[in-house]
Amino acid sequence: MGAPSQKIYRSWPSGPPTYQQANTDGSDIAQSREWNYSLFDCCPPGTLCLKSTFLPCLTYGKTQSRSKDPNLSNFSYINSPTYFLYLDSQETIPHAFSRALGMLVDEEISPVYNSKYYPVKPGEVLADRYQTLVKVGWGVSSTVWLARGLQGPIETLENVVALKVANNNASFASHEREVEEHISTADPSHRGRSLIRTLLDSFEVKGPEGSHSCLVYPPMREPLSIYQSRFEDRKMPLPLIKTYIRALLTGLDYLHKECRTVHTGGWLDLKLENIMVSFEDSTVLAHFIDSQLERPMAFKIDAVGRPVYQSHNNFGPLKSLRSIPQLVDFGLATRLEEDDDWGVWPIQPDHYRAPEVILGNGWQMSVDIWNLGVLLWDMIEGKELFRHIHDQEGRYDAKLHIAEMIALLGPPPPEILQRYQYMREYSWPQHVRLEDGRLCETAEEYFCGPFFDNTGRFLYEDLIPDRKLDATASFLGGEEREAFLDLAKGMLVWHPDARKTAGELAGHPFLQPRETSA
Ligand SMILES: Nc1ncnc2c1ncn2[C@@H]1O[C@H](COP(=O)(O)OP(=O)(O)OP(=O)(O)O)[C@@H](O)[C@H]1O
């Protein structure tokens, strides 16, 4: 599905109806270029990156030269130290990547890959303040690099940051910066603030295709999706999962109450990839950086001449379980300042989509609670809760999704259906484009409704699968299972206002540490 054409929210033109009011009113990029290792046309990039990790003077030289000669008219990457390091490095170049010819790498996999990614190279100095070390990730609109800040003592680990270099068309980047600045300052004393990724700095760089925003963050170990894979059968120990869920709820409590911000706002929401885990021990990062010496990143040149580096994000086995989770990626977050501000456009990845989004009833903070409720199954069982939401061709089908919600939770209460009927008349302030190019004005058009008739009867009763929520938690036994279901039932509620708040849920008995008997 395509994203909304503009990132806005608007309340209803005549004032948003409350549930009560509604009740009464009834490249193809050719991937043929070879992998290679050159960086500045003179030395292998990975090696340069690694050398510069340990010998910052090597690549920092550009910054130093710039301070003497701002135009860099006489600057050369080849200076005597570089040259010797280049010679010295020849033996460390791995050859394994030659087999990667024609392969799609990292961001190239994105269906919307284009040259709008800034061509970051390892060792590059950005804005005279950060020197890139190694690429650790990518998204549909950015690449993420570990970098060293050049303004403090440059060899210390404290100076290592993560740089998110946004695409030049990424309007999300300025939005993300604004939201994150707001989050950083709303109430720094709230416990939940540390559970949300905070921005350390931001700047712009000029690339061949225009200007790119760069957002600077503390470095993190990895997304929860990778962290999970470090445990047998991808199953984290239950006490640890409980701690994580409690932490995420504390973060959401801060986000919702103090920042009046919904994490959701587009297609990329609360999911395992958007929960990052901190380093359990500073030596993990130190060893990772050291290890890059032996294992420089491979890269290729894409059809338009942009280098595409293969990210390195394996920080190795866990040394302890002392990591903490953080919510990241606020590029599509939505601020709803007033109680009667509503989001109205379609949001959330299919699997996590809340009923009020599909029905077009408008959404607020509680849409994140539904999302996290669904995510509980991914976190604990490593499997998705909703299993029948795609048609035989694998396309998302909202009526199947509603049918499965009815199976698991029972039918929606009357006030939801009344509001649904009321909101069917509502057209979005802006059309939203579907992947096939069609423009939609209403949620009903977008999600191929209607779903209920005027009497509130579901139009596709034959699609309701034979599943019950209680039967989906067989991964837990006895009291744990009951407590877990009680928690989930406070989150997976048709009526958005009846969902428990993040703050209430964080105190749920299922999430409290158990006293161990002496
Ligand atoms: N602070 C960080 N430390 C280490 N790695 C990071 C950090 N932030 C992001 N990453 C890595 O970069 C990847 C992409 O980051 P992020 O999700 O912020 O980018 P994005 O362009 O918004 O992605 P998308 O929009 O496709 O979800 C993450 O999945 C993670 O692997």
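Atoms within each ligand, like the ligands themselves, are counted from 1 in listed order. The shown structure was predicted, so the numbers you read here are calculated from the model rather than taken from an experiment. Scope of the values below: all heavy atoms of this structure, side chains included, with no hydrogens, waters or symmetry mates.
- For ligand 1 and Ser142, the ligand atoms under 4.0 Å from any heavy atom of the residue are 19 (O), 20 (P), 21 (O).
- By the 4.0 Å N-to-carboxylate-O rule, Glu178 lies too far from Arg335 to be salt-bridged with it.
- When non-hydrogen atoms are compared, ligand 1 lies under 4.0 Å from the backbone of Ser141 as well as from its side chain.
- Residue contacts with ligand 1 for Pro218 involve N, CA, C or O but no side-chain atom from C-beta outward (heavy atoms, distance under 4.0 Å).
- Ring centroid separation for the pair Phe484 and Phe475 comes in under the 6.0 Å cut-off.
- Of the candidates Met276, Lys164, Glu176, it is Met276 that places a heavy atom closest to atom 9 (C) of ligand 1.
- At least one N or O atom of Val140 sits closer than 3.5 Å to an N or O atom of ligand 1.
- Considering backbone and side-chain N/O atoms, Glu273 never comes within less than 3.5 Å of an N/O atom of ligand 1.
- Numbered from 1 in the order shown, with element, the atoms of ligand 1 that lie under 4.0 Å from a heavy atom of Gly137 read 11 (C), 12 (O), 13 (C).
- Between Tyr309 and Phe299, the two ring planes are parallel [angle under 30°; tilted spans 30° to 60°].
- At least one N/O-N/O distance between Asp329 and ligand 1 falls below 3.5 Å.
- Within a 6.0 Å sphere centred on NZ of Lys383, other residues, nucleotides and ligands contribute 12 heavy atoms or fewer.
- Between Pro223 and ligand 1, not a single N/O pair is under 3.5 Å apart.
- The aromatic ring centroids of Trp363 and Trp345 lie less than 6.0 Å from each other.
- Close approach to Ala162 involves these atoms of ligand 1, each under 4.0 Å from a residue heavy atom: 1 (N), 2 (C), 3 (N).
- The 12-atom threshold is exceeded at NZ of Lys242, counting heavy atoms of other residues, nucleotides or ligands nearer than 6.0 Å.
- Tyr130 places a side-chain heavy atom less than 4.5 Å from the side chain of Phe203.
- Considering backbone and side-chain N/O of Asn313, none are found under 3.5 Å from N/O of ligand 1.
- Residue contacts with ligand 1 include Val136, since one or more of its heavy atoms lies under 4.0 Å from the ligand.
- In the vicinity of Pro219, heavy-atom distances shorter than 4.0 Å reach the ligand 1 atoms 3 (N).
- With a 6.0 Å radius and a threshold of 12 heavy atoms from other residues, nucleotides or ligands, Glu393 has its CD atom above the threshold.
- At least one test fails for Arg193 against the ring of Tyr254: distance under 6.0 Å to the centre or angle within 45° of the axis.
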